[in-house]
Amino acid sequence: MTTKDSAADFSIAGELSVLADGIIGFLDKHAPPDAVSRWRQNGVVDREVWRSAGAAGLLCPSMPSEYGGAGGDFRHEAMILRQLMLRGLDGWGIPLHNGIVAPYILHYGTEEQRIRWLPRLADGTLVGAIAMTEPGAGSDLQGIRCKAVKEGGFYRISGTKTFITNGQTADLIIVVCKTDPDAGSRGISLLVVETAQLEGFRRGRNLHKLGMEIGDTSELFFDDVRVPTSNLLGEVEGQGFAQLMRQLPRERLLIAHECMAIIDYALELTLAYVRERQAFGKALIEFQNTSFVLAGAKTEATVTKVFVDHCTQLLLDGALDAAMASMAKLNSSETACHIVDECLQLHGGYGYMNECPIAQLYKDVRVKRIYGGTSEIMKLLIARAL
Ligand SMILES: Cc1cc2nc3c(=O)[nH]c(=O)nc-3n(C[C@H](O)[C@H](O)[C@H](O)COP(=O)(O)OP(=O)(O)OC[C@H]3O[C@@H](n4cnc5c(N)ncnc54)[C@H](O)[C@@H]3O)c2cc1C
């Protein structure tokens, strides 16, 4: 590593540490425990907190400043996500807003579209969502049925989406549609839908989830919804599938970062517990089984982190491919589920009580093997590259 590289590393580390302190301060003020338990009960984070997050610079940190962002990169998004996870705020859809929705618009939008949407995503005027999954199609994205038919200067969208993060809150939704049902993957396009006073658009139930209860996850209904053709992301129809395939590695790496934060939080909680809790006249940590389980977990965590960091560097260099991103997601999510399970076991019966933070992590972590592409789909993608 050259001296210049070291200086750059030092500077980004300092910047990320300042950002972490800023987020901690923000969460102390805007996410006190009583607010979080209300959000958990309501299944949604208060809308005005999104605006405060925008004002505090926590939305769109990696967007260029000319579009209202903070001019950072993926590492800034990952730090925001990490601090949310370390507070047990898994489910608040900021990582998706920052790390998925905004980058689609930046990378595939026209200049007019970037100017139209990014500043409002950055200041929290708009909350973003992306709607791929349908009741009949999740892993098999080519099997979606939602269609968009062009008519003059408009598209008419009809279809149903489900499991959509930020579904109750979102004001801007990237909808995956078929613009040519006979053209297979080349018939898929991404349409940006602004929901305000939009005729034919309806939000379904806020779905009750096993975990991540503070975030809203919903069905969405599009019944002959009219959007201008200028809302087609990029200007050419049929690019949607390729756009998705190019962005999904980024989404999967974000989930890997979520898993790393969950692992660190689980280990921190568990170490504190086993140092305190006594059985047979000594602290649990003094049993060899306890220390061996934690030593094994720490080893798995460290090995996982090294690979996730490697993939992060590949992403920053523009070289993260589908197989590597899939390996990062597969390994980190399976490892996180395993470690959280072991950590819960070390908490004994208390670990099974909902009031215990490890119980919350146990519920939250399970979906990491499912959303953003299941572990089985990750294996398919890795196998294809063998
Ligand atoms: C909390 C949560 C939030 C979500 N947020 C969003 C969101 O914001 N936007 C969005 O679009 N979607 C979202 N999703 C949807 C998520 O991405 C899908 O649930 C996921 O991709 C799996 O699709 P599916 O549920 O239809 O399962 P299916 O595709 O029906 O899969 C069922 C099972 O079959 C297996 N399987 C499927 N195909 C194969 C195969 N070829 N080989 C081997 N096994 C296979 C799967 O691995 C799985 O085990 C979210 C889901 C959850 C739970």
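Start at 1 and go down the list; that is how both ligands and their atoms are numbered. Each residue takes its place number in the sequence, starting with 1.
From Tyr108, atom OH reaches atom CD of Gln113 across 13.5 Å, with rounding to the nearest 0.5 Å.
Glu199 meets the salt bridge (Lys or Arg N to Asp or Glu O under 4.0 Å) test with no other residue; sequence neighbours excluded. Listed by chain and number, the residues in a salt bridge (Lys or Arg N to Asp or Glu O under 4.0 Å) with Glu151 are Arg156 (sequence neighbours excluded).
Nearest heavy atoms, Ser333 versus Ser375: OG-OG, 4.2 Å.
Taking Ile, Leu, Val, Met, Phe, Trp and Tyr as members and joining any whose side-chain heavy atoms lie under 4.5 Å apart, directly or through other members, the hydrophobic cluster of Leu232 also contains Tyr155, Ile157, Ile164, Ile173, Val175, Leu191, Val193, Leu198, Phe201, Leu220, Phe222, Val225, Val227.
Taking the six-membered ring where tryptophan is involved, the planes of His97 and Trp50 are tilted, since the angle between them lies from 30° to 60°.
At a heavy-atom cutoff of 4.0 Å, ligand 1 is surrounded by Leu96, Ile130, Ala131, Met132, Thr133, Gly138, Ser139, Phe163, Ile164, Thr165, Lys209, Met212, Val367, Ile370, Tyr371, Gly372, Thr374, Glu376, Ile377, Leu380.
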